[in-house]
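Below, read A as the first sequence line, B as the second, and so on, with proteins coming before strands; counting in each chain starts at 1. This is a predicted model, so every value here is computed, not measured.
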Amino acid sequence: MNQVPSDKDFRRGVFAISVAADMTALQIQNIRVYERRGLLEPDRSAGGTRLYSRADIETLLRIRDLLAEGLNIAGIARVIALEAEVTRLRREIDLNPPTRRRGPQGASQR
DNA sequence: ATTCTGACA
DNA sequence: TGTCAGGA
């Protein structure tokens with residue numbers, strides 16, 4: 001009936017850590033490490049086992065690729081934060097298109 | 001068999 | 001940053 005995934009669906013934790021490791025080619029232990037470093041906050045079941053959402057998987061893939069590019073954990077945290085910010089700003093612009101203004105000729109725009 | 005936390009190199 | 005020990 002409804003095959004369009006809602007945003008909530010996207011963020012609902014469903015995958016066990018072993019599945020997440022499979023999907024991302026990351027070690028289970030390291031996935032836990034990235035959480036400890038603040039890059040991730042997966043859901044938990046009643047018993048306390050981690051449940052990873054589709055969004056979490058995306059984040060893990062981002063982490064994997066950025067690590068391969070030589071970034072450290074702190075750098076990756078910055079990238080993730082900035083990407084989230086870009087997404088937020090783009091949505092804001094999309095919802096509320098700003099009026100373009102032109103400053104005085106040759107003047108600094110800051 | 002799987003996942004958890006905490007310690008440590 | 002990543003690995004290992006030990007327990008539920």
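Under the side chain to side chain contact (heavy atoms under 4.5 Å, CB included) criterion, A/E83 pairs with A/R62, A/V79, sequence neighbours left out. Looking at residues two or more places apart in sequence or on another chain, you find a side chain to side chain contact (heavy atoms under 4.5 Å, CB included) between A/R91 and A/R88, A/L95.
Applying the side-chain hydrogen bond (donor to acceptor under 3.5 Å, both in side chains) rule to pairs touching residues 40-53 of chain A yields A/E35-A/R44, A/E35-A/R50, A/S45-A/T49, A/S53-A/D56, sequence neighbours excluded.
The phosphate of B/dT3 (OP1 or OP2) has no side-chain N or O of A/R32 nearer than 4.0 angstrom. Contact between the side-chain N/O atoms of A/R50 and the OP1/OP2 oxygens of B/dT5 is found at a separation under 4.0 Å. Here A/S18 reaches the OP1 or OP2 of B/dT3: one of its side-chain N or O atoms lies under 4.0 Å away.
In this structure, A/I31 atom CD1 and B/dT5 atom C1' are separated by 17 Å, rounded to whole Å. C/dT3 atom P lies 7 Å from atom CD of A/Q27, rounded to whole Å. To the nearest angstrom, C1' of C/dA8 lies 15 Å from CZ of A/R44. Look at CG on A/L39: it is 11 Å from P on C/dG2, rounded to the nearest Å. Taking atom CD1 of A/I17 as the reference point, atom P of B/dA1 lies 19 Å away to the nearest angstrom.
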Assess whether side-chain contact (heavy atoms from CB on, under 4.5 Å) is satisfied between A/I80 and A/I63, documenting all intermediate values. CA-CA 9 Å; A/I80 290 176; A/I63 291 168; 4.3 Å; yes
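Atom CG of A/D7 sits about 10.5 Å away from atom CZ of A/R12, to the nearest 0.5 Å. The distance from atom CZ of A/R78 to atom CD of A/E85, rounded to the nearest 0.5 Å, is 12.0 Å. Here A/L89 contributes atom CG and A/D94 contributes atom CG; the two are 12.0 Å apart, rounded to the nearest 0.5 Å.
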Strictly under 3.5 Å: I want the nitrogen or oxygen pairs between protein and nucleotides 6-9 of chain B, one per line.
unit_1	atom_1	unit_2	atom_2	d
B/dA7	N6	A/R36	NH1	3.1
B/dA7	N6	A/R36	NH2	3.4

Secondary-structure notation, DNA chain C, from Watson-Crick and G-U pairs under 3.5 angstrom (| other strand): ||||||.|
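Remark: of the listed residues A/T59, A/L67, A/D65, A/L67 is the sole one forming a side-chain contact (heavy atoms from CB on, under 4.5 Å) with A/I76.
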Between side-chain atoms of residues 18-28 of chain A and protein atoms elsewhere (two or more places apart, or another chain), which donor-acceptor pairs fall under 3.5 Å?
unit_1	atom_1	unit_2	atom_2	d
A/T24	OG1	A/A20	O	2.8
A/T24	OG1	A/L26	N	3.4

